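Shown next, in structure tokens, is the structure this report addresses.
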Amino acid sequence: MTDPKDTINIENVVASTGIGQELDLQSVAMDLEGADYDPEQFPGLVYRTQNPKSAALIFRSGKIVCTGAKSTDDVHESLRIVFDKLRELQIQVNEDPEIVVQNIVTSADLGRNLNLNAIAIGLGLENIEYEPEQFPGLVYRLDEPEVVALLFGSGKLVITGGKKPKDAEHAVDKIVSRLEDLGLLE
Amino acid sequence: RLRKWQERIRTKDAGERNLQFALSEIDRMASSLGIPRSVREVACVIYRRALDEDLIRGRSIEGVATSTLYAACRMEGIPRSLEEVAAVSRVERKEIGRTYRYVAQELSLEMEPVDPKQYTPRFCSELDLSEEVQAKATEIIDTTTEKGLLSGKSPTGYAAAAIYAASLLCNEKKTQREIAEVAQVTEVTIRNRYQEQIEAMGI
DNA sequence: GCTTTAAAAAGTAAACT
DNA sequence: AGTTTACTTTCCAAAGC
């Protein structure tokens with residue numbers, strides 16, 4: 001049987017950073033091609049990179065949030081592109097500002113169908129939220145690692161809230177062993 | 001000192017008025033949904049617990065009152081869908097669902113998922129279908145659930161499809177449109193669930 | 001709390017063909 | 001009857017209302 005850990009795929013990485021300098025977003029919006037800036041709606045300027053694909057939110061304080069990257073390497077690469085674009089606008093940006101990964105979203109596959117009703121009752125109604133009238137996934141909050149998993153009837157799952165790729169692996173191991181203990185994975 | 005005392009009375013009076021409003025709203029919504037008095041009382045008890053635990057702060061009274069009625073119906077085994085309670089509430093469905101989840105979590109209501117079978121007596125009755133159809137629908141729900149078809153599916157859509165299939169099998173056909181109206185789901189959902197169910201039943 | 005951004009899972013709804 | 005698009009849930013940072 002294939003190890004469910006081998007099916008883990010990173011779908012989105014969110015990271016924050018900053019250039020330690022205040023920005024005039026109005027002029028950045030004018031000079032930066034493809035920038036979306038509507039301060040009435042949201043205080044951040046949106047800048048999208050194509051390769052790798054991501055969306056950067058640039059704030060007046062100089063802080064930046066990058067989302068949509070498929071790996072931690074891609075986040076760094078996307079932000080490198082953003083930093084270079086700012087430098088082209090004569091804005092001072094250090095060689096490599098600190099980048100902090102804030103959230104990683106992964107998908108995985110347990111390889112068997114799940115009886116979500118049995119899991120909701122078996123794992124105990126206290127850490128579980130399963131309301132199929134509102135959403136088809138069962139919400140399972142883990143303490144260690146501190147992540148949230150969404151389990152589906154197909155056996156596919158989504159793990160979010162982790163800060164490092166290993167968190168998802170540990171979460172999958174815990175979920176598998178807990179379901180096995182309860183005889184709900186067979 | 002006097003001012004503090006007056007303030008306390010004022011807040012107490014306001015709280016009392018808010019509680020009366022919430023309880024009368026629960027009563028009004030329950031009446032228009034034809035929910036028995038015993039269930040309204042359960043809803044009122046949950047509302048008072050939510051008030052004691054200070055869960056109303058930052059939320060609308062009407063939203064908590066509606067969620068509480070939704071929860072009480074489930075606890076008493078005669079669920080109303082969020083669609084149905086939203087129809088008599090001035091709070092939108094999404095808000096009611098969110099508030100219900102919050103209240104259920106905070107009060108440790110430990111609600112089990114709704115069993116689609118709990119909808120069949122009411123839906124069949126509203127559709128003027130016989131006991132035979134109701135029994136057949138129940139059988140379809142049980143059999144297909146054992147085969148793992150229920151996971152992730154909405155209980156109302158699941159029940160609606162089983163009733164549609166049962167009405168065909170018992171020669172008391174109701175159209176998808178008629179059933180969709182009663183169950184508050186779309187015909188597309190009935191078709192999708194129906195196809196899976198009859199296949200699993202080997203029909 | 002809300003606003004915006006991204007992404008997956010699977011179900012359902014609305015609007016069409 | 002079936003398809004397309006859009007929305008539901010989870011996570012997180014940012015600044016400001």
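Here is how names work: the chains are called A, B, and so on, in the same order as the sequence lines, proteins then strands, and each is numbered from 1. It should be emphasised that the depicted structure is a prediction, and the values quoted were computed from it without experimental measurement.
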>> Test of understanding: with side chain to side chain contact (heavy atoms under 4.5 Å, CB included), list the residues that count as partners of Ala200(B), not counting sequence neighbours.
In response: Thr144(B), Lys147(B), Leu149(B)
> Between residues 162-186 of chain B and DNA chain D, which residues have a heavy-atom gap below 4.0 Å?
Replying inline: Gln176(B)
> Can you list, by residue number, the residues of residues 189-203 of chain B that have a non-hydrogen atom closer than 4.0 angstrom to DNA chain C?
Replying inline: Thr189(B), Arg193(B)
> What residues form a side chain to side chain contact (heavy atoms under 4.5 Å, CB included) with Glu131(A), not counting sequence neighbours?
Replying inline: Gln134(A), Tyr70(B), Arg74(B), Tyr100(B), Arg101(B)
> Among residues 81-120 of chain B, which contact DNA chain C at a heavy-atom distance under 4.0 Å?
Replying inline: Arg98(B)
>> By the ring-ring contact (aromatic ring centres under 6.0 Å, His included) test, which pairs, at least two apart or in different chains, include something from residues 134-175 of chain B?
In response: Tyr164(B)-Tyr194(B)
Can you name the atoms? Protein N/O to nucleotides 6-9 of chain C N/O, anything below 3.5 Å, with the distance.
from: dA6(C); atom 1: OP1; to: Arg48(A); atom 2: NH1; distance (Å): 2.3
from: dA6(C); atom 1: O4'; to: Thr67(A); atom 2: OG1; distance (Å): 3.0
from: dA6(C); atom 1: N3; to: Asn12(A); atom 2: ND2; distance (Å): 3.0
from: dA7(C); atom 1: OP1; to: Lys53(A); atom 2: NZ; distance (Å): 3.0
from: dA7(C); atom 1: O3'; to: Lys70(A); atom 2: NZ; distance (Å): 3.4
from: dA7(C); atom 1: N3; to: Asn12(A); atom 2: ND2; distance (Å): 3.2

> With ILVMFWY side chains joined below 4.5 Å, transitively, what does Val176(A)'s cluster contain besides itself?
Replying inline: Ile8(A), Leu110(A), Leu114(A), Leu116(A), Ile119(A), Leu123(A), Ile128(A), Tyr130(A), Leu138(A), Tyr140(A), Leu142(A), Val147(A), Leu151(A), Leu157(A), Ile159(A), Val172(A), Ile175(A), Leu179(A), Leu182(A), Leu184(A), Leu185(A)
> Tell me the ring-ring contact (aromatic ring centres under 6.0 Å, His included) pairs involving residues 28-82 of chain A, sequence neighbours left out?
Replying inline: Phe42(A)-Phe59(A)
> What ring-ring contact (aromatic ring centres under 6.0 Å, His included) pairs are there with at least one residue in residues 106-131 of chain B, not counting sequence neighbours?
Replying inline: Tyr119(B)-Phe123(B)
> Contact boundaries of DNA chain D with chain A (under 4.0 Å, heavy atoms), 5' to 3'?
Replying inline: dT8(D) to dG16(D)
> Who are the side chain to side chain contact (heavy atoms under 4.5 Å, CB included) partners of Asp24(A), not counting sequence neighbours?
Replying inline: Gln26(A), Ser27(A)
